[in-house]
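Chain letters run A, B, ... following the sequence lines, proteins first and then strands; every chain starts at 1. None of the values given here were measured: they were computed from a predicted structure. What's counted below: heavy atoms across the whole structure, side chains too, no hydrogens, waters or symmetry copies.
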Amino acid sequence: MFANLSDRLTETFRNLRGKGRLTEADIDGTIREIRRALLDADVAVPVVRTFTSNIRERALGAEVSGALNPGQQVVKIVNEELVAILGGEARTLRFAKTGPTVIMLAGLQGAGKTTLAGKLAHHLKQQGHTPLLVAADLQRPNAVTQLRVVGERAGVPVFAPEPGVTREDERPRGNPVKVAKKGLKEAEQRQHSVVIVDTAGRLGIDQELMSQAADIRKAVEPDEVLFVIDAMIGQDAVTTATAFQQGVDFTGVVLTKLDGDARGGAALSVAEVTGRPIMFASTGEKLEDFEVFHPDRMASRILDMGDILTLIEQAERTFDQAEAERMAQKVSQGEDFTLADFLSQMQQLKNMGSMKKMLTMLPGMGQLRDQIENFDERELTRTEAIIQSMTPAERDNPKLLNGSRRSRIAAGSGTTVAQINSLVKRFEDAQKMMRAMARGGGMPQLPGMGGGPGAFGGMPGGKKSKGKQAPQRKVKGKSGNPALRAQQEAAARNRTPAAPAPGSAFGLGAQPPQEVDTSKLGADLGKYLGR
Amino acid sequence: MLRAALLDVVDPTLDRSLALGAAGDGALHTAIVVGVNGVGKTTTVGKIARVLVAQDRTVVLGAADTFRAAAADQLETWGARVGVPVVRAHVDGADPASVAYEAADRARAESAEVLLVDTAGRLQNKQGLMDELGKIVRVVSKVSPPSEVLLVLDATTGQNGLTQARVFGQVAPLTGIVLTKLDGTAKGGIVLAVQRELGVPVKFVGLGEGADDLAPFDPEGFVDSLLGQ
């Protein structure tokens, strides 16, 4: 049911192969699929209409009918058009030539303005600016307190002369326009380079609050007015964005809650309707979860295509650096891979969230969607339970596991002896692989590393194959890919020892952070590469 | 025609009252409010408390949002507004389940009639946070199994609302939906899909930031506004 656009189009075009030319009717079918995909992703209806008519023109052209795989070609066109709209006017923040740069935040209630204020301040501070946060949200109970806390976490001063609505006050006191003005004066006096004005959430149709926002804008003359919008927003995005454009004439857009699984079609609607660039994306609850907007990733996301970059970043975020290094150390010293390691690897995998979700993020997994759907997340939990029912000695040396021990473990973990046998078998395979790697045999036929459909050829959706994925991904986590390692090695050699480790995706195993001794590293890596 | 069909989907016959027992029956009834970030959970808790107080029920609020800055303060402000005690963590970032338990414990000790637990906003794809929510529900159930678990949905939410409802439904036994921010231009049509998939009725709608801006869900009015009448 969640088949993505790429799959659907491939299906649409399946019957067309061999035809010399695409007919109008063929294209209509394609356009219908595209329209559906976009609506599924919450792109606003009028935007979908203009967008698909653009696509139609290009699709009728020679580039599609001449292509070997018209389906993919159309997806490529759609993707290009999306990127063009989303990133059309990509730019960075404009700073004032003299005096403090004023940034004003506006948006609906609960879009994430206050949190974003903290993140933006943190981001600017790291770039060497001295931001001042101004609390002009006097509406929501304790919004001012929240901004104070956020400011404290970011290490940025907060200007909050009015407490807003707190326990003592039922009605909001103070005037946000005055607060904003005073904040600006304060910043000039104390020589802050940036002023970030956090305003109260307001609805597009609330005339009173909208004109208040316009007054704030007039009072502080911001260099940037950022419209903060939730990535989950649906068809209402256009109305809201238009209302805010008329009300405060924002200069840029920030998309929040992108760490959720919403497809975020609103981004397209807002960019298309208002013509304002999307500048930042907020992707989590921590202060650092803030980044410059990537149009290409957003396009893939709207089309529900694999998003390998996000997957890698997610992996980087959740993988325990220390643990990964310990493992790498272990392998390089030729120590044996034990069930305890197996367990810790698996737990790290689980930290990354749903396995299904991760698998669907891999490109080319579309055809395997059914198998992925059948994948039982609890299998990981069961395996974990089995290992946790073993004594430390058993974990270190699975050879100890005789029949009696196995039946004890089965009872302890609520599984059967057969399940334990299969786990042990799988583990031994993994262990063999690790040994071969440590000996320098390269990567002996890693099951499923090749990518593409062939890799999962042996995956009937049964239990065995599920288990296999754990070792296989785990190896990947330590960049078991010889090509990648070779790359890292080359990179490490070309670098002076003091240079920081490159931000390679899974490069944890290869570069201990301090004092990279290249020669030694080379020797260690040689083991994996069979040199 | 269309109106009738839509109304049929909304199903006006569903029971949309809060299953929190009658006033003065002496038992403790618990309601937990869940949802993603920024949909208006805390505000909803405050408003429901207000409704209950107006019905002469004794209410205790549990501030199990220990994560967001000043969330507990926000709830305390609401508590003070409507005059009900708020149980909160003494330190930032405490275990929300323990706060919920403490609140339940206190509600029982004070023989309050209703316990309302506010939880932190969590995106449904964060497994760890969803597990945490499951734990809150389990822990509260030790004192008093929740008679209401309300999912708060933002009317502006698009297709993702369905995913939210589905995933939250897996970790907590949802009994009702609160549709917030319906005072804007958004119509909240996604609740149709949610109600149909989960069979959980929309019980309230949020219409603003004031303490009285919570209304029972009106199926006919909702359908009319969907159709732009």
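For the atom pair B:T157 OG1 and A:D230 CG, the distance stands at 6.5 Å (nearest 0.5 Å). Annotation: the span from A:D259 atom CG to B:N37 atom CG amounts to 7.5 Å, rounded to 0.5 Å. Here the CG-CZ distance, from B:D73 to A:R148, works out to 10.5 Å after rounding to the nearest 0.5 Å.
Considering only residues two or more places apart in sequence or on other chains, A:S211 meets the side chain to side chain contact (heavy atoms under 4.5 Å, CB included) condition with none of them. In this view, B:T43 and B:K47, B:Q74, B:W78 satisfy the side chain to side chain contact (heavy atoms under 4.5 Å, CB included) rule, not counting sequence neighbours.
In the displayed structure, A:E288 atom CD is contacted under 6.0 Å by more than 12 heavy atoms of other residues, nucleotides or ligands.
Scanning both residues, B:N125 and A:G260, for their nearest heavy atoms gives ND2-C, 3.2 Å.
With a 4.5 angstrom heavy-atom cutoff, B:V36 touches chain A only via side-chain atoms. Contact annotation for B:Q159: both backbone and side-chain heavy atoms come within less than 4.5 Å of a heavy atom of chain A. Of the atoms belonging to A:L39, it is backbone heavy atoms, and not side-chain ones, that fall under 4.5 Å from chain B.
Using a 4.5 Å heavy-atom threshold, the side chains of A:E285 and B:L129 count as touching. Side-chain contact check for B:R81 versus A:P141: some heavy-atom pair is nearer than 4.5 Å.
Interface residues of residues 116-123 of chain B toward chain A, defined by a heavy-atom distance below 4.5 Å and sorted by number: B:G121, B:L123.
Contact tally against chain B (heavy-atom pairs below 4.5 Å) for A:R202, A:Q235, A:R153: the top residue is A:R153. Looking only at heavy-atom pairs under 4.5 Å with chain B, the residue among A:T239, A:D42, A:L203 that has the most is A:D42.
Among pairs with a residue in residues 174-190 of chain B, those fulfilling side-chain hydrogen bond (donor to acceptor under 3.5 Å, both in side chains) read A:D236-B:T185, B:E148-B:T175, B:D154-B:K181, at least two apart in sequence or across chains.
Distance alone, capped at 3.5 Å, places no donor-acceptor pair between the B:N160 side chain and the A:I233 backbone.
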